Visitor: 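For reference, the structure I am asking about is given below.
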Amino acid sequence: MKILPNVKWYESAVFYELYTRSFRDGNGDGFGDFAGVLEKLNYLSKLGIDAIWFPPFYASPLRDGGYDISDYRAVDARYGTIDEFEEIVAQAHALGMHVMMDLVLNHTSEKHAWFEASRRNPKGPYGDYYVWADDNKGYAGTRIIFSQTEPSNWTYDETRGQYYWHRFYKEQPDLNFDCPAVHDEVLAIADFWAEKGVDGFRLDAIPFLYEREGTNNESLPQTHAFLVKLRKHLDTHYTDVPLLAEATTPIAENLKYFGTADAPECNMCFNFPLMTEFYAALKTKDARPFVRTAQAVFGNLPPGAVWSNFLRNHDFLTLELLTPEDAEKMEQWYAPSEGVRNGGIARRLAPLLDFDERALRALTALLLALPGSPCLYYGDEILMKDDPSLSDRDSVRLPLPWDEADRAVADPDSFWNWLSSTLHARREAPALVTGDFEILPIDTDKPEILRFRRTAQNGGAAAIFKINFKSLEFGWEKVHL
Ligand code: NOJ
């Protein structure tokens, strides 16, 4: 892959979210694993992937797909071993791919030894590791994220005789970031994995680290101060280990996660604000709302900040950032029968687009042409199905059908092969990928047409990307400077 001398690896990379449990079963026990990942690294490399993001594979009761961690220094035995993970990192690197993993800092599993100790011995060394209170009155009004299952963010613990705070399932108690030892622990966990060769971290649920009475307990200044500390820690010890924020927050709040030139925080943020605009533009055939959001997200980025643009991931397609009216429209367009669960839609990309390959190619081409590092979701390269009848988010986490993948790879006309050639072509034009971005004015008679120019920062090349949300035509046009 061509990387420009002044560009960091993650600024031009295409990421692939690999959900280990469902990707490839290497040992035949019906559960995806690291042996399976090792078998299929060549598949990813051939597809044209630059970086793999692994959601949590730590030891876990799997109450929340692994986002409930019981040991941060162990791999869940169902996936394999740490040695196998190190082998994945080594082989991925040999193929020119980077490896990013989840760092879940906001909460642990209730089965983590820290929580066991904390509930048993309030005066002991782990007594303050979690957020405890004598009653459940504190932080009133804080929204409940998993509102379908959790009646409250507080749960009573019989052993300790107090309530503990949790923003997600009650089996995921929140860590107490006011406790200095918690900071030391999480920095040491980041070191543990960085020393194993991991190239970057996705920061799960990062807005929720701190609580303060009288606020909404999201994106508090203390959280940003902690991120400055984490960024500084990594920069002191390693080179170019980026942090990618998962912050489903309005644009102004989201931009703050990049930090400032003097106090940098995350290098990358998932582009939640723009994600729903792709789907809306497809239905309204009007590019203007997409443009308004794109101007706002790409317009004021600090130097070196990168958006991770995406269409789908392992969660519901969240409608959290939309006005009630816009959320209602999305529901009518995309989930008329299933409805919305926990504020999102339980569908995968291809079914959302009615398996219309023209729409799929058009939206994917747009995703790949925008500034930032796109992130694809495993299986979307073969138009994977979903199963909305399954509970929670299992609906969008089905096992990847490898017979279908093999057929797609072998078929020169498949979406897989179109995507692969598009990804390889993208790699050949890194100056455009990281270059300047300018949206061209929309013709009032043709609101369905979006055009933007990418110009290499060295001034050597420019091209205009055009997409018509009505006809679904799209393409690049070279511009002579
Ligand atoms: C966001 C993750 O993407 C989601 O899967 C998880 O349930 C929550 N954070 C809690 O960790």
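It should be emphasised that the depicted structure is a prediction, and the values quoted were computed from it without experimental measurement. We're numbering straight along the sequence, starting at 1. Numbering of ligands and ligand atoms starts at 1, following listing order.
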Visitor: Looking at Phe146, does the NZ or CZ of Lys170 lie under 6.0 angstrom from its six-membered ring centre and within 45 degrees of the ring axis?
Guide: no
Visitor: Quick check: Tyr10 with His98 (ring centres under 6.0 Å apart)?
Guide: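 No.
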Visitor: Under 3.5 Å, is there a donor on one side chain and an acceptor on the other for Trp132 and Ser118?
Guide: yes
Visitor: Sorted by first residue and then second, give each salt bridge (charged side-chain N to carboxylate O under 4.0 Å, His left out) pair with at least one member in residues 193-203; sequence neighbours left out.
Guide: Asp102-Arg202, Arg202-Asp204, Arg202-Glu246
Visitor: For the aromatic rings, using the six-membered ring if either is Trp, is the centroid distance between Tyr334 and Tyr279 under 6.0 Å?
Guide: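 So the answer is yes for these two rings.
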Visitor: Kindly tell me which protein residues have any non-hydrogen atom under 4.0 angstrom away from an atom of ligand 1, grouped by chain and ordered by number?
Guide: Asp64, Tyr67, His107, Phe146, Phe168, Arg202, Asp204, Glu246, His314, Asp315, Arg393, Arg397
Visitor: Taking the six-membered ring for Trp and the full ring for Phe, Tyr or His, determine whether the centres of Tyr164 and Trp154 are under 6.0 Å apart.
Guide: no
